[in-house]
Amino acid sequence: MKKPLDPMTSERVAGLIVDIDGPFERKGWQLTELLRRAGWADPPEYTGGMSRVAWLKEAMEEAAEDTAAIDGLLCRVCDPVEYEDGAEAAEVFQEALNHIIAVEGLVVRQVTGRPVLGALADDGRSTVFTAPDDLEERLRPLVSSEDVLRQLLDRATEARICEEHGAYVMALAGIGSFTEGLLLDVLTLRDPDLLQGFPHRNSTKRKELQYVGLALLLDTAHERGLIRTDRRQFMEIVTNYRNFVHIRRQREAGVTPDEKTVGLCWGPVQAVLKDLEDSRA
């Protein structure tokens with residue numbers, strides 16, 4: 001999300017989340033807990049004195065400039081883990097929320113089972129994903145050093161610049177490079193033994209770091225429980241499309257990348273990032 005929500009949108013979202021007398025009604029204390037689960041570092045406490053809808057609207061407006069916090073809230077209320085009925089209830093809530101935030105050009109979609117906030121494309125139906133606004137804050141606790149953090153942020157920035165100027169193949173290469181660098185650093189940080197090389201199928205020898213590619217990194221992260229099976233499968237699109245930097249690979253695939261292609265890759269990358277956060281000790 002690039003700009004704060006309109007106050008009227010915030011009010012409608014607050015009303016939906018509180019859901020007075022509805023099947024998803026949340027009490028005051030549950031609203032504070034929801035904000036905490038949505039990633040708000042120091043959420044306000046509901047103490048009464050005003051309606052829950054007005055209180056939540058005020059909390060959202062006070063955090064309006066922190067678009068990452070609002071992003072987190074919009075995604076969390078569509079997360080299947082929030083509801084006893086899981087995906088079925090989340091889908092109902094997501095449909096209602098998307099009806100409200102469409103006027104802001106926003107939409108929440110499920111990417112391999114978890115919600116990701118995207119932008120509505122010009123056709124009003126397709127979804128465009130990009131790097132999350134709070135990428136620096138989310139990466140810092142995951143990576144080994146400030147140098148690695150800066151390098152990863154540079155890759156994401158370069159990918160965004162390429163996308164904005166129509167260099168879509170280079171944007172795909174940048175997304176792949178970002179993901180590869182993130183996974184390599186996280187894996188070797190959590191298991192320093194991997195610095196001596198990565199085990200891989202059909203060989204008793206370890207593969208040296210300089211020869212470890214994105215596919216092996218994804219396999220290793222999946223095998224060690226850092227990312228879910230469906231994430232690994234969905235990341236195939238990133239693994240394949242980043243190879244379009246080789247003209248032969250692009251010609252063989254018969255694909256002409258555009259902004260939608262880039263968005264298709266940022267979606268699963270965001271899902272992998274969420275898994276890495278969830279699996280952090």
Side chain to side chain, Leu117 and Gln270, heavy atoms closer than 4.5 Å = no
Taking the side chain as C-beta and beyond, is there a heavy-atom pair between Leu273 and Leu182 under 4.5 Å?
-> yes
What are the two closest heavy atoms between Arg76 and Ala38, and how far apart are they?
-> CB-CB, 3.9 Å
Ring centers of Phe24, Tyr83 separated by less than 6.0 Å | yes
Are Asp154 and Arg150 within salt-bridge range, i.e. N to O under 4.0 Å?
-> no
Got a sec, which residues hit salt bridge (Lys or Arg N to Asp or Glu O under 4.0 Å) with Glu91, two or more places apart in sequence or on another chain?
-> none
For the pair Glu33 and Arg36, find out whether any cationic side-chain nitrogen is under 4.0 Å from an anionic carboxylate oxygen.
-> yes
Contact summary for Ala63 and Trp40, nearest pair of heavy atoms = CB-CH2, 3.7 Å
Are side-chain heavy atoms of Val116 and Gln110 found at a separation under 4.5 Å?
-> no
Expected output: side-chain Gln250 to main-chain Val255 donor-acceptor under 3.5 Å = yes
Test side chain to side chain donor-acceptor pair (under 3.5 Å), reference Arg232, set Thr239, Asp219, Asp275, output is Asp219
Intermediate values then yes/no, side chain to side chain contact (heavy atoms under 4.5 Å, CB included), Leu35 and Leu56 = CA-CA 10 Å; Leu35 296 179; Leu56 182 56; 4.2 Å; yes
N/O donor-acceptor pair under 3.5 Å between Asp258 side chain and Thr261 backbone = yes
Is the number of heavy atoms from other residues, nucleotides or ligands within 6.0 Å of CD (Glu84) greater than 12?
-> no
Looking only at heavy atoms, what is the nearest atom pair of Pro80 and Ala87, with distance?
-> CB-N, 3.7 Å
Are Tyr211 and Leu217 connected, step by step, through hydrophobic side chains (Ile, Leu, Val, Met, Phe, Trp, Tyr) whose heavy atoms are closer than 4.5 Å?
-> no
Kindly give the heavy-atom pair with the smallest separation between Gly197 and Arg206, and that separation in Å.
-> O-NH1, 3.0 Å
Value rounded to 0.5 Å, distance of CD1 in Ile70 from OG1 in Thr9 = 11.5 Å
Any side-chain heavy-atom pair from Cys78 and Leu97 closer than 4.5 angstrom?
-> yes
Donor-acceptor under 3.5 Å (Asp185 side chain, Val143 main chain) = no
Hydrophobic cluster membership, Met8 vs Ile101, 4.5 Å side-chain cutoff = no
Enter the distance from Glu104:CD to Leu74:CG here, rounded to the nearest 0.5 Å.
-> 9.5 Å
How long is the gap from OG on Ser145 to CZ on Arg140, to the nearest 0.5 Å?
-> 11.0 Å
Yes or no on salt bridge (charged side-chain N to carboxylate O under 4.0 Å, His left out) for Asp19 and Arg26, after CA distance, side-chain angles and deciding distance?
-> CA-CA 7 Å; Asp19 195 30; Arg26 290 178 170 91; over 6 Å; no
To the nearest 0.5 Å, atom CG of Leu172 lies from atom SG of Cys162 at 9.5 Å
Using a strict cut-off of less than 4.0 Å between a Lys/Arg side-chain nitrogen and an Asp/Glu carboxylate oxygen, indicate whether Arg37 and Glu82 qualify as a salt bridge.
-> yes
What is the distance from atom OG1 of Thr157 to atom CG of Leu153, rounded to the nearest 0.5 Å?
-> 6.5 Å
For the residue pair Met60 and Ser10, what are the closest heavy atoms and their distance?
-> SD-O, 4.0 Å
Can you tell me if Asp191 uses its side chain to pair, donor with acceptor, with the backbone of Leu187 under 3.5 Å?
-> no
Can any side-chain N or O of Gln94 pair as donor or acceptor with the backbone N or O of Val108 at less than 3.5 Å?
-> yes
Mind checking whether Leu106 and Leu5 have side chains closer than 4.5 Å, heavy atoms only?
-> yes
Any side-chain heavy-atom pair of Glu163 and Met170 under 4.5 Å = no
Residue Asp193 excluded, over 12 heavy atoms near CG under 6.0 Å | yes
Hey, any chance Phe178 and Leu189 share a hydrophobic cluster, counting ILVMFWY side chains that come within less than 4.5 Å of each other, even indirectly?
-> no
Within one Ile-Leu-Val-Met-Phe-Trp-Tyr cluster: Phe93 and Ile20, side-chain cutoff 4.5 Å | yes
In this structure, are over 12 heavy atoms from other groups packed under 6.0 Å from Gln30 atom CD?
-> yes
Just do the side chain to side chain contact (heavy atoms under 4.5 Å, CB included) check on Glu259 and Val262 with the steps written out, would you?
-> CA-CA 5 Å; Glu259 67 275 8; Val262 176; 5.6 Å; no
In terms of hydrophobic clusters joined by side-chain contacts under 4.5 Å, are Met50 and Ile17 together?
-> yes
Salt bridge check: are Arg248 and Glu252 linked by an N-O gap of less than 4.0 Å?
-> yes
Under 3.5 Å donor-acceptor, Thr32 side chain and Pro44 backbone | yes
Roughly how far, to the nearest 0.5 Å, is SG of Cys75 from CZ of Arg109?
-> 12.5 Å
Can you list every side-chain hydrogen bond (donor to acceptor under 3.5 Å, both in side chains) pair that touches residues 44-54, not counting sequence neighbours?
-> Glu25-Arg52
Excluding sequence neighbours, so at least two apart, what forms ring-ring contact (aromatic ring centres under 6.0 Å, His included) with Tyr168?
-> none
What do the steps show when you test Arg242 against Cys265 for side chain to side chain contact (heavy atoms under 4.5 Å, CB included), and what is the final call?
-> CA-CA 9 Å; Arg242 65 91 56 96; Cys265 288; over 6 Å; no
Side-chain donor-acceptor pair under 3.5 Å between Ser279 and Arg190, yes or no?
-> yes
Are side-chain heavy atoms of Phe198 and Thr188 found at a separation under 4.5 Å?
-> yes
Counting distance only, does the side-chain N/O of His222 pair as donor-acceptor with the main-chain N or O of Leu218 below 3.5 Å?
-> no
Can you name the nearest heavy-atom pair linking Pro4 to Glu65, along with the distance?
-> CG-OE2, 3.7 Å
Sub-4.5 Å side-chain heavy-atom contact between Leu226 and Leu183 = no
Please lay out, stage by stage, how Val269 and Lys274 fare under the test side chain to side chain contact (heavy atoms under 4.5 Å, CB included).
-> CA-CA 9 Å; Val269 170; Lys274 184 69 172 75; over 6 Å; no
